[in-house]
Amino acid sequence: MDSKVRVRFAPSPTGGLHLGGVRTVLFNYLFAKHHKGEFILRIEDTDQTRFVPGAEQYIQDTLAWCGLTPDESPLHGGPYGPYRQSERKAMYKQYADTLIEKGYAYYAFDTPEDLDAKRKEIPNFQYSRAHRMELKNSISLGADEVAVLLKNNTPHVIRIKVPENEEVSLDDVIRGHVSFDTNMVDDKVLLKADGMPTYHLAVVVDDYLMKITHAFRGEEWLPSAPVHVLLWKYLFGLDKMPKWAHLPLILKPDGNGKLSKRDGERLGFPVFAMDWTDPNTNTTTIGFKERGFLPAAFVNLLAMLGWNDGTDKEIYTIEELIAGFSLDRVHKGGAKFDYEKAKWFNAEWIKKTENEKLAPLVRPYFEEAKIEIHNPNYLVKIIGLVKERCHLLPEFVAQSSFFFTAPTTIDTASIAPKWDEKKYLFFEELVKLYVSKMETGLLTIPASTLEIEFKELVAKHELKAGELMLPFRIMLVGGKFGPGVFEIVEAIELKDTVTRIEKCLQLLSSN
RNA sequence: GGAGCGUUCGUCUAACGGUUAGGACGCCAGGUUUUCAUCCUGGUAAUACGGGUUCGAUUCCCGUACGCUCUACCA
């Protein structure tokens, strides 16, 4: 590679960023960083009718959350700005004019209504060589007539004039040689009536001006690639064209087809990276972040959707991904998204992440549940105790709320059937034991000691530990779950332990 | 309809002509956990179909089927 690698992610700001979009960002980022190149964010906001306020900010926020920060962007600036296409409007016109001068493009005066009528009249209508002469444009019309129309500011677009009987091809990095017959390609609009470029013109002009070396985009763009290749040929030369890589799609889990926002709603899992609230409808679509995914896990699972390094390794840090990434190991076929596996990735990352780093991420969920955390160190300790049973961040609340407040519901139904006087007496004496410890000034006792003392008492009462452990757990936790009983006692300390036993004893005798 | 792209366990994928077609998720069974989860062990399950090429095809070629994407003055 003779020039520095420069890649770009070019979304249009119309809503939340879905899995496929973020994965495109990720592959861009990994490729750029692997080659010590630059990653650019360019906002493609040429369609003013689809502009959604807040969407651009959302994209920036999402990239920041994922840790995929662009080197150049509307926010960060850079030497090739502006990075919003709406602010580059003037640049595109000159290239469209050049194309007209060279005879590679023409003016078209057909109204949308004209075209609709044509589409109805002719099956499989395409604005192309086959029908050009039947329409109102600077090829079919006389020069004088065109001059008048232009002089009168008649609304018009500029279309590419696709040549006849040529083969246009590109060497896609992922798919290899792909070729098209120009007779099958239609004369796409390059410059709209409002003076804004369409994607087709803008992507070519901006990729050139921004010195993009590798252009990644979703597979859905492949059918329009010949238009882009032609534009490169006419405007800047094929030798300057970036290498294309059309990425496979991310598919819905059931059936076939591209994963959509609706699939997530239907099947109950997020599709967007972060919560997205549509300002028009004021409805919020849930995101992976808010569902409780770690960004590292999210990035990891996305990377594995369509790429692998050829080994059995599945858990990767971003650094490892950068080091190992290569386009020749990206798949051609689409990948169905599996939410179960996504959760597994997150569980792995929760186990892998230090308790101290988890604490601030988990804390908001406790606040939401109105559970106060007085001691940050205590939270860190509890996280260590329960992290391996949590797949998603919010589960920390359900798995550990009893460490912070006494359980509100107690599953006495699981104790009652086998409850008897002997057990009652046992727990009464256990309380006495703990109270006596407290009177010596002890707040808590190590779990190992607690266990020994507990078993001594069990033996004294001629009972079996097995039949006492479950009741004890339920008294403390409220249900049949959670870490080791004595670790819980150690954590919540003697005073709370005693209170909880006594409360439950009352509950059991009142029934 | 047309064009382009794709196709290995249910899912994500490995095997770049020679393997009992491997791993992971899920699921099932057993063990550990005197609970649940974790963890460990084992099991389940795939080369879309038909022709070639070859001593030998998951792998290369052709065809068929199926699927997907595009077919807007949207990206």
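Throughout, protein chains are lettered first and strands after them, A, B, ... in sequence-line order, and every chain is numbered starting at 1.
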What integer distance in Å separates [X]:[atom1] from [N]:[atom2]?
X: A/Asn346; N: B/U38; atom1: CG; atom2: C1'; result: 15 Å
X: A/Leu305; N: B/U13; atom1: CG; atom2: P; result: 6 Å
X: A/Glu467; N: B/U35; atom1: CD; atom2: P; result: 14 Å
X: A/Lys252; N: B/U11; atom1: NZ; atom2: P; result: 16 Å
X: A/Asp309; N: B/C12; atom1: CG; atom2: P; result: 18 Å
X: A/Tyr199; N: B/C70; atom1: OH; atom2: P; result: 13 Å
X: A/Gln85; N: B/C74; atom1: CD; atom2: P; result: 13 Å
X: A/Ile250; N: B/G67; atom1: CD1; atom2: P; result: 22 Å

Nearest 0.5 Å please: distance from the OG1 atom of A/Thr14 over to the CD atom of A/Glu56. 12.0 Å
Without swapping roles, check the side chain of [X] against the backbone of [Y] for a donor-acceptor pair under 3.5 Å.
X: A/Glu44; Y: A/Ser12; result: no
X: A/Arg159; Y: A/Asp187; result: yes
X: A/Lys192; Y: A/Thr46; result: yes
X: A/Thr405; Y: A/Phe402; result: no
X: A/Asn28; Y: A/Val7; result: no

If you assign A/Pro197 and A/Lys455 each to the RNA chain B nucleotide with the nearest heavy atom, which residue ends up on the more 5' nucleotide? A/Lys455
How do A/Arg389 and A/Ala193 order along RNA chain B: which one's closest nucleotide is nearer the 5' end? A/Arg389
Sugar-phosphate only, base, or nothing, as touched by [X] at under 4.0 Å among non-hydrogen atoms:
X: A/Gly482; value: base
X: A/Leu249; value: sugar-phosphate
X: A/Ala335; value: sugar-phosphate
X: A/Lys387; value: nothing
X: A/Ser414; value: nothing
X: A/Asp110; value: base
X: A/Met304; value: sugar-phosphate
X: A/His246; value: nothing
X: A/Gly306; value: sugar-phosphate
X: A/Pro253; value: nothing
X: A/Ser12; value: sugar-phosphate
X: A/Arg217; value: nothing

So does A/Arg473 reach the base of B/U35 with its side chain, donor to acceptor, closer than 3.5 Å? yes
Result of checking A/Leu302, A/Leu251, A/Leu19 against A/Phe337 for side-chain contact (heavy atoms from CB on, under 4.5 Å): A/Leu19
Enumerate all atom pairs, one protein N or O and one N or O from nucleotides 3-5 of chain B, separated by less than 3.5 Å.
from : atom 1 : to       : atom 2 : distance (Å)
B/C5 : O2'    : A/Arg175 : NH1    : 2.8
B/C5 : O2'    : A/Glu219 : OE2    : 2.8

Does the ring centre of A/Phe9 sit less than 6.0 Å away from the ring centre of A/Phe216? no
Look at A/Lys336 and B/G6 and indicate whether a side-chain polar atom (N or O) is within less than 4.0 Å of OP1 or OP2. no
Does a side-chain N or O of A/Thr198 approach OP1 or OP2 of B/A72 to a distance below 4.0 Å, or not? no
Paired with [N]: which nucleotide, if any, by Watson-Crick or G-U wobble criteria at under 3.5 Å for both distances?
N: B/C60; result: B/G52
N: B/A14; result: none
N: B/A46; result: none
N: B/C70; result: B/G2

Using a strict cut-off of less than 4.0 Å between a Lys/Arg side-chain nitrogen and an Asp/Glu carboxylate oxygen, indicate whether A/Glu395 and A/Lys343 qualify as a salt bridge. no
Using 4.0 Å as the upper bound for N to carboxylate O, is an ion pair formed by A/Glu134 and A/Lys118? yes
Any side-chain donor near an acceptor of the partner, [X] and [Y], under 3.5 Å:
X: A/Asn165; Y: A/Asn183; answer: yes
X: A/Thr311; Y: A/Asp309; answer: yes
X: A/Tyr199; Y: A/Asp47; answer: no

Among B/A37, B/G67, B/A75, the one nearest A/Glu388 by side-chain distance: B/A37
For a quick check, with a 4.0 angstrom heavy-atom cut-off, what is the B/S/- contact string for nucleotides 20-27 of chain B, read 5' to 3'? ---SBS--
Is there a residue in residues 114-126 of chain A whose heavy atoms reach under 4.0 Å of RNA chain B, and which residues are they? A/Leu115, A/Arg119, A/Asn124, A/Gln126
For A/Tyr95, does the six-membered ring have the charged nitrogen or CZ of A/Lys93 within the cation-pi criterion, i.e. under 6.0 angstrom from the centroid and within 45° of the normal? no
